[in-house]
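Letters A, B, ... mirror the listed sequences (proteins, then strands); counts begin at 1.
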Number of protein chains: 2
Amino acid sequence: MPATIRDVAAEAGVSVATVSRVASGGDYPIGAETKAKVLAAIERLNYRPNGMAKGLTQRNSRLVGVVAPDMSNPYYPEITRGIEDVATARGYQVLSCSTDRDPGRARSSIDALLAKRVAALAVIGGGDEVVLPDGDLEAYGTEVVMIGRATRRFSTVRVENAEAGQEVGRHLLALGHRSIGFVAGHRGSSASDERLRGLRRALKDAGVEHRSDQVANGDYTEAGGYDATRRLMHASAPPSAIFAASDRMAIGALAALRDMQLRVPDDVALVGFDDIPMAEYLRPALTTVSVSAHRLGTEAMGLLLDGTGRPRRPQHLRVRTRMVIRESCGARRT
Amino acid sequence: MPATIRDVAAEAGVSVATVSRVASGGDYPIGAETKAKVLAAIERLNYRPNGMAKGLTQRNSRLVGVVAPDMSNPYYPEITRGIEDVATARGYQVLSCSTDRDPGRARSSIDALLAKRVAALAVIGGGDEVVLPDGDLEAYGTEVVMIGRATRRFSTVRVENAEAGQEVGRHLLALGHRSIGFVAGHRGSSASDERLRGLRRALKDAGVEHRSDQVANGDYTEAGGYDATRRLMHASAPPSAIFAASDRMAIGALAALRDMQLRVPDDVALVGFDDIPMAEYLRPALTTVSVSAHRLGTEAMGLLLDGTGRPRRPQHLRVRTRMVIRESCGARRT
DNA sequence: CTGAAAGCGCTTACAG
DNA sequence: CTGAAAGCGCTTACAG
């Protein structure tokens with residue numbers, strides 16, 4: 001059994017109230033001598049206040065919950081890392097769950113998190129598998145932020161996907177491309193939809209139309225990107241450029257094009273999305289769009305744990321992207 | 001304020017003890033009618049037992065802590081995902097922390113985790129930045145498992161790195177290579193050390209010696225792999241094959257070789273480690289060693305949460321690897 | 001089968 | 001500046 005506050009009180013010869021006050025380290029006035037005694041006792045007994053008891057009395061678990069589709073997809077842990085960084089700086093810890101895009105798993109994760117009385121909850125991903133029981137959230141005083149998903153009910157932090165898609169479109173148009181294939185993420189991904197919308201806006205502004213057979217689903221995986229690219233290239237009028245909604249799919253596209261004996265960027269230009277670390281080390285180096293996943297996390301936590309403790313009205317933040325031009329789009333001849 | 005057990009008791013017209021018993025869902029005998037009333041009240045009030053209170057009385061937080069160097073490196077979240085899967089199946093949740101290989105951060109993470117009274121603790125990574133206060137662990141009854149790090153004090157789950165390295169060595173020898181460069185992970189990485197040891201054993205068995213200038217540090221990153229490869233190739237007698245201790249470094253190596261106008265595998269053979277999803281989609285497709293990070297996590301949790309609740313003596317598990325032969329090693333002509 | 005009561009380890013008015 | 005006591009929301013012997 002670890003030492004409790006009573007043990008420390010006995011050891012120091014003071015009341016538990018006093019121990020509590022020095023252990024918590026607030027600015028409650030304590031006699032210098034008393035404080036020293038208590039500190040010594042804490043040290044001697046290796047006392048570490050029980051977080052559950054603290055949470056219970058203070059009505060604050062100091063826990064923030066994170067729910068993401070799948071923590072084994074690098075994008076989510078990176079956001080979570082951002083969340084962790086600001087959370088720990090504020091004395092919170094993160095409890096994370098994967099839903100696998102399954103509503104059932106999502107529901108039980110949320111339940112477990114609410115049972116643990118998380119002070120804040122971040123829901124990552126544009127899917128709709130997570131449904132939040134708003135009555136309970138209010139009762140528990142749990143602040144919520146959605147990352148990458150649109151809603152008015154809660155605060156949101158989102159990537160400027162449409163703007164980025166538009167920028168990619170304009171870039172490719174400027175390079176002379178008029179037929180641009182789009183490798184989409186999985187069905188229902190709002191991020192992918194928005195990127196496509198941006199691309200189409202750019203094309204429309206240039207008077208170029210975009211057909212539905214110029215879009216193929218790639219499921220956000222290398223394999224999906226590979227297959228989608230083959231489908232795109234086997235159309236009656238294959239595109240001269242491909243925009244993949246993620247770098248992982250772009251890597252699949254690169255393999256597919258290579259296997260079809262097509263050179264990138266000479267025969268087909270390629271642009272990805274995310275700017276994962278290895279994008280720079282592909283050959284040709286991948287032109288892509290950089291988004292700071294870490295930043296999404298820090299911004300989100302900033303919204304939740306702003307220190308006031310007062311629930312505010314939902315806020316909506318947007319995180320900028322930055323296009324990184326390397327070799328695969330053909331803008332830079334190698 | 002969310003409904004408490006008293007609210008439910010009042011609503012159902014029974015004692016809190018009774019509510020506790022039906023809410024906990026054990027096999028404690030309860031009258032059918034009473035049970036129905038309580039269940040109805042729980043439903044009506046949307047009662048969800050407070051996890052902190054439960055934890056406090058039951059002396060079990062139902063929390064497992066995970067400490068890893070950096071959750072933004074995909075390898076760790078994947079292990080963590082394995083941990084999560086078995087943890088949630090057993091009614092636990094995971095609290096995760098990144099240390100950035102900084103002893104200070106590690107210390108405060110461990111402290112925070114112990115304060116939360118985690119029932120179990122998994123320490124991931126071969127580094128030594130994490131030091132565990134054994135006295136406290138015993139007092140708290142916290143079970144510990146180290147993933148990827150050798151120790152007798154706690155249970156461990158480790159990858160058969162040396163065996164894998166040896167297998168790679170033999171494979172490369174069989175292909176005729178006599179000079180094999182090794183791209184190592186960061187300094188002090190036991191995984192990297194073990195893989196190198198295995199490689200050297202294979203070489204030694206074949207009567208081939210391996211010099212220290214045939215090893216270059218690559219820090220487990222693409223950039224590190226790139227630079228290390230250049231250094232290796234600039235030696236007086238450049239290797240005919242390169243074994244990188246991670247796929248990410250292998251990708252850097254691939255770029256470096258390409259930039260040096262060297263063809264893989266014709267001029268230089270290349271083997272990675274990890275078998276990340278995109279290894280198959282590189283061109284040439286990467287020959288590598290597959291390790292199930294997810295499995296490391298499930299095995300580790302299996303050791304901790306075995307349901308007996310009784311602390312056992314440390315157990316030591318080893319997880320097999322599997323060499324995946326693709327194009328980059330030259331075994332399969334493309 | 002059901003309930004009253006003590007207790008888990010803290011915090012925090014309240015009184016002095 | 002210090003302490004006694006109530007209370008946070010549960011569980012669990014113990015008694016009936």
Side-chain angles (χ1 to χ4, degrees), chain A residues 1-39 41-42 45-63 91 114-117 119 136 139-141, chain B residues 1-39 41-42 45-63 91 114-117 119 136 139-141:
Chain A
M1 297 300 104
T4 70
I5 197 171
R6 311 179 64 102
D7 299 329
V8 179
E11 174 85 10
V14 301
S15 71
V16 296
T18 300
V19 176
S20 172
R21 299 200 260 251
V22 354
S24 305
D27 52 358
Y28 195 96
I30 304 278
E33 210 170 318
T34 311
K35 189 169 182 177
K37 274 194 306 189
V38 173
L39 254 15
I42 287 178
L45 266 41
N46 221 298
Y47 171 64
R48 202 171 338 235
N50 183 315
M52 293 181 285
K54 272 189 106 134
L56 193 58
T57 52
Q58 294 185 141
R59 307 163 148 287
N60 183 349
S61 64
R62 297 246 147 203
L63 249 26
L114 291 180
K116 286 283 195 279
R117 300 293 190 268
D136 294 340
Y140 298 154
Chain B
M1 299 295 106
T4 72
I5 198 170
R6 311 180 64 102
D7 299 328
V8 178
E11 174 84 11
V14 300
S15 73
V16 296
T18 301
V19 175
S20 173
R21 299 200 259 253
V22 355
S24 305
D27 51 359
Y28 195 96
I30 303 281
E33 210 170 318
T34 310
K35 189 169 181 176
K37 273 193 307 188
V38 174
L39 253 16
I42 286 178
L45 266 41
N46 222 297
Y47 172 63
R48 203 173 334 237
N50 183 315
M52 293 181 285
K54 273 188 104 133
L56 192 58
T57 53
Q58 293 185 142
R59 307 161 150 289
N60 182 349
S61 63
R62 296 245 147 206
L63 250 24
L114 291 180
K116 288 281 195 280
R117 300 295 190 266
D136 294 339
Y140 298 155

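Screening residues 18-31 of chain B for side-chain hydrogen bond (donor to acceptor under 3.5 Å, both in side chains), with sequence neighbours left out, gives B:Ser15-B:Thr18.
Only the P atoms considered, D:dG9 is 23 Å distant from D:dA13, to the nearest whole Å. C:dC14 and C:dC10 are spaced 24 Å apart, taking the P atom of each and rounding to whole Å.
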Taking Watson-Crick and G-U wobble pairs with both distances under 3.5 Å, convert DNA chain C into its dot-bracket string, 5' to 3', dots for unpaired and | for cross-strand pairs.
|||.||||||||.|||
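Of all the residues in residues 18-39 of chain A, A:Ser20, A:Arg21, A:Ser24 reach under 4.0 Å from DNA chain C with at least one non-hydrogen atom. Scanning residues 45-63 of chain A for heavy-atom distances under 4.0 Å to DNA chain D yields A:Leu56, A:Thr57, A:Arg59. Near DNA chain C, meaning a heavy atom under 4.0 Å away, the residues from residues 2-17 of chain A are A:Thr4, A:Ile5, A:Ala17.
In plain terms, the two heavy atoms of A:Ser61 and A:Ala119 that are nearest each other are OG-N, 3.6 Å. Here the closest non-hydrogen pair linking A:Asn50 and B:Leu56 is ND2-CD1, 4.0 Å. A:Ala41 and A:Glu11 make their closest contact through CB-CG, 3.5 Å (heavy atoms, listed as atom of the first residue, atom of the second, distance). Closest non-hydrogen pair, A:Ala3 versus A:Tyr47, comes out as O-CD1, 3.4 Å. Closest approach of B:Ile42 and B:Ala23 over heavy atoms only: CD1-CB, 4.1 Å.
Distance check: B:Asn60 CG to A:Met52 CE gives 7.5 Å after rounding to the nearest 0.5 Å. Between A:Leu39 atom CG and A:Ile30 atom CD1 the span is 10.5 Å, to the nearest 0.5 Å.
By the neighbour-count criterion of 12 heavy atoms within 6.0 Å, atom NZ of A:Lys37 is densely surrounded, having more than that number from other residues, nucleotides or ligands.
Taking 4.0 Å as the cutoff to heavy atoms of chain A, we find the contact window on DNA chain C bounded by C:dG9 to C:dA13.
Under the side-chain hydrogen bond (donor to acceptor under 3.5 Å, both in side chains) criterion, A:Asn46 pairs with no residue, sequence neighbours left out. Considering only residues two or more places apart in sequence or on other chains, B:Arg59 meets the side-chain contact (heavy atoms from CB on, under 4.5 Å) condition with A:Met1. Judged as a side-chain hydrogen bond (donor to acceptor under 3.5 Å, both in side chains), and not counting sequence neighbours, A:Thr57 has no contacts. For A:Arg48, the side-chain hydrogen bond (donor to acceptor under 3.5 Å, both in side chains) partners are B:Asp111, B:Asp136, B:Tyr140, not counting sequence neighbours. Contacts of B:Arg62 classified as side-chain hydrogen bond (donor to acceptor under 3.5 Å, both in side chains), with partners at least two apart in sequence or in another chain: none.
Residues B:Val19 and B:Val14 form a side-chain contact, since some pair of their non-hydrogen atoms from C-beta on lies under 4.5 Å apart.
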